[in-house]
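Order of the sequence lines fixes the chain letters, A, B, ..., with proteins taken first and strands second; residue numbering starts at 1 for each chain.
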2 protein chains.
Amino acid sequence: MTDINQQTRPPLHAPRPSEAAASAPADRRDALISCIELFFFAYRDFTGEPDAVLEEYGFGRAHHRVLHFVHRNPGIRVADLLAILKITKQSLARVLKQLVDEGFIAQRTGADDRRERHLKVTAKGAKLASRLAELQIRRIETALAKAGPAGEGAARDFLLAMIAAEDQPAVRSLLRIGAGGNPGATAGTTGGDPAKGQLP
Amino acid sequence: MTDINQQTRPPLHAPRPSEAAASAPADRRDALISCIELFFFAYRDFTGEPDAVLEEYGFGRAHHRVLHFVHRNPGIRVADLLAILKITKQSLARVLKQLVDEGFIAQRTGADDRRERHLKVTAKGAKLASRLAELQIRRIETALAKAGPAGEGAARDFLLAMIAAEDQPAVRSLLRIGAGGNPGATAGTTGGDPAKGQLP
DNA sequence: TGGTTTATGTCAGTCATGTTGACATATTTG
DNA sequence: CAAATATGTCAACATGACTGACATAAACCA
C-alpha cells in the first residue's frame with residue numbers, strides 16, 4: 001500500500017499556468033481553494049476519532065448525530081430532530097430505534113400533546129455522548145489554541161458564516177449564540193428574539 | 001412538514017443543570033460544544049450547493065472529491081489519489097470510471113513507469129471543477145470576510161490544526177502551506193523540506 | 001360531533017458510497 | 001526469470017440517505 005508519507009518523487013503539483021503570472025487574483029484563488037481542502041481534511045479528522053469509538057458499539061455517524069442532539073436538547077421532539085438533521089423520518093427511524101432498543105435514548109409521550117414523543121438520553125446514553133463529545137472538544141480546544149486567543153472568535157465567526165444564511169437564525173437559536181462577531185454584516189436579519197421562534 | 005423556521009413553542013433547551021452553577025469550565029465546555037455543532041452545520045452547507053450541481057450530472061460527493069483533486073493536481077497517479085482520499089481502490093474505481101467514461105477525466109500511461117496512470121481533467125472536466133470550486137470559494141470568501149481581516153489567518157490556522165497531527169505534513173505539502181501561523185506550537189514537526197517527501 | 005390536520009411509526013424498494021477478499025494483467029526491479 | 005509494484009475488476013456486503021405508501025393516535029376546528 002502506497003503510504004502517503006514515504007515518497008521519493010518530484011512534487012505532485014505542476015505549477016499551474018496562471019500561477020507564474022503576476023496575478024494577485026490567482027494567488028487569492030489558490031489560497032481560497034486550499035481552504036476548501038483544509039475544510040475537507042479537517043472535517044474528516046474531526047469525525048475520525050468518534051467513528052472509531054462508535055464502531056465498538058456497532059454504531060455509525062448517524063447514531064452520533066442523533067445521540068449528540070438529543071443529549072444537548074433533552075426532551076427534544078422527533079420533528080425537531082428531523083428539522084435539525086435535515087433527514088427523512090425513515091432515515092432517523094432506523095438509527096433512533098437502535099438507540100432506543102439498546103437503551104441509549106428514552107422516549108416519553110408528551111404531557112401537553114400526547115402525539116409527541118420527547119427524547120432524552122439515558123445515563124448510558126449520556127456516558128457515550130460525553131465520551132464522544134470529549135474527543136471533539138479536545139481537538140477543537142487544541143485547534144482554537146493554535147489559532148491564538150484573538151483567533152478563537154474569528155474561527156467561530158468563520159464557521160457561523162459558512163452556514164447558509166437561511167439556516168443561521170435557527171442555528172443561532174439552537175446554539176444560543178448572539179449576533180455574529182461582525183455587527184452590521186448581517187444587519188436586518190438580526191431583528192429577532194434570539195430565544196424564540198427559530199426552533200421549537 | 002414541520003418547518004424549522006416557524007414555531008411558537010418554548011425554547012427547545014431546558015437549561016442544563018451544570019449551567020446555573022458559577023462554573024466557568026461548564027461555560028467553556030458549552031462554547032466548545034457549540035463549535036462542534038457549528039462545524040457540523042458549516043460542513044453540510046459547504047457541500048450543499050455543489051451537491052445540487054452534481055446532481056444535474058448524476059454525480060455525487062465522491063465524484064466531486066475526485067474531480068477536485070485531479071483538477072488541482074494534474075498528472076496525479078491513482079495511488080496518490082487513494083492516499084489523499086483515504087478510500088479503497090474499489091471505491092475510487094467506481095466513480096473514476098464514470099468520470100473517465102463521461103469525458104471529465106483523461107488517463108495517460110506514465111512515461112517513466114508505464115504501469116502508472118496519470119490523471120488529468122479534460123476541458124469539460126475543468127469547466128465543471130471550476131464551477132463547483134467557484135461555489136465553495138464564494139462561500140469561504142464571504143465567511144472569511146465576516147471573520148475580519150485578522151481572522152482570516154486564524155481561521156486557516158484553526159482548520160489546519162483540526163487535521164490530525166500525522167496528516168499535517170502531507171496536507172501542508174499538498175497545499176503548499178508553510179509552517180502554521182503560531183510558530184513554536186508545532187516546533188519539532190516542522191523540520192522537513194516542505195516541497196518534498198510528503199506526497200509523491 | 002365528526003372530519004381534517006398533525007405527529008409519529010412502519011413497510012418496501014432504491015441509490016450512493018464505503019468496505020473486504022480474491023484474483024488478473026502489465027511492468028519494473030533485483 | 002522471479003518477485004514486487006501499480007492498476008483494474010468481480011462479487012458480496014454495510015451504512016445511511018432517499019421515495020412512496022399507508023397506519024395510528026391525538027388534537028383541532030367548523
Lys/Arg N to Asp/Glu carboxylate O, B:Asp51 vs B:Arg44, below 4.0 Å: no

Pair listing, side chain to side chain donor-acceptor pair (under 3.5 Å) test, anchored in residues 93-111 of chain B, at least two apart: B:His63-B:Gln98, B:Lys97-B:Asp101

Touch class at under 4.0 angstrom, heavy-atom based, for B:Gln107 against every strand present: sugar-phosphate

Parallel, tilted or perpendicular: rings of B:Phe39 and B:Phe158 (30°, 60°): perpendicular

Counterpart residues, ring pair (Phe, Tyr, Trp, His ring centres under 6.0 Å), relative to A:Phe40 (two or more places apart): B:Phe69

Of B:Val66, B:Leu99, B:Val70, the residue whose pairing with B:Leu119 passes side chain to side chain contact (heavy atoms under 4.5 Å, CB included): B:Val70

If I take atom [atom1] in residue [X] and atom [atom2] in nucleotide [N], what distance separates them, rounded to the nearest angstrom?
X	N	atom1	atom2	value
A:Asp112	D:dC28	CG	P	9 Å
B:Arg108	D:dA6	CZ	P	17 Å
A:His64	D:dG16	NE2	P	13 Å
B:Asp113	D:dA4	CG	C1'	12 Å

Residues in contact with DNA chain D, drawn from residues 88-97 of chain B - heavy-atom cutoff 4.0 Å: B:Lys89, B:Gln90

Short side-chain N/O contact from A:Arg65 to OP1 or OP2 of D:dA17, under 4.0 Å: yes

Side-chain heavy-atom pair A:Ile84, A:Leu174 within 4.5 angstrom cut-off: yes

A:Gln98 or B:Arg117, whichever maps to the more 5' nucleotide of DNA chain D: B:Arg117

Compile the donor-acceptor pairs under 3.5 Å between side chains in residues 126-139 of chain A and protein atoms, sequence neighbours left out, one pair per line.
from     : atom 1 : to       : atom 2 : distance (Å)
A:Ser130 : OG     : A:Ala126 : O      : 2.8
A:Arg131 : NH1    : A:Glu56  : OE1    : 3.4
A:Arg131 : NH2    : A:Glu56  : OE2    : 3.3
A:Glu134 : OE1    : B:Arg29  : NH1    : 2.6
A:Gln136 : NE2    : A:Phe46  : O      : 3.1
A:Arg139 : NH1    : B:Met162 : O      : 2.8

Interface residues of residues 52-63 of chain A with DNA chain C (non-hydrogen, below 4.0 angstrom): none

Residue list, salt bridge (Lys or Arg N to Asp or Glu O under 4.0 Å) with B:Lys89, at least two apart or on another chain: none

Base of D:dT5 paired with side chain of B:Arg115 (donor-acceptor, under 3.5 Å): yes

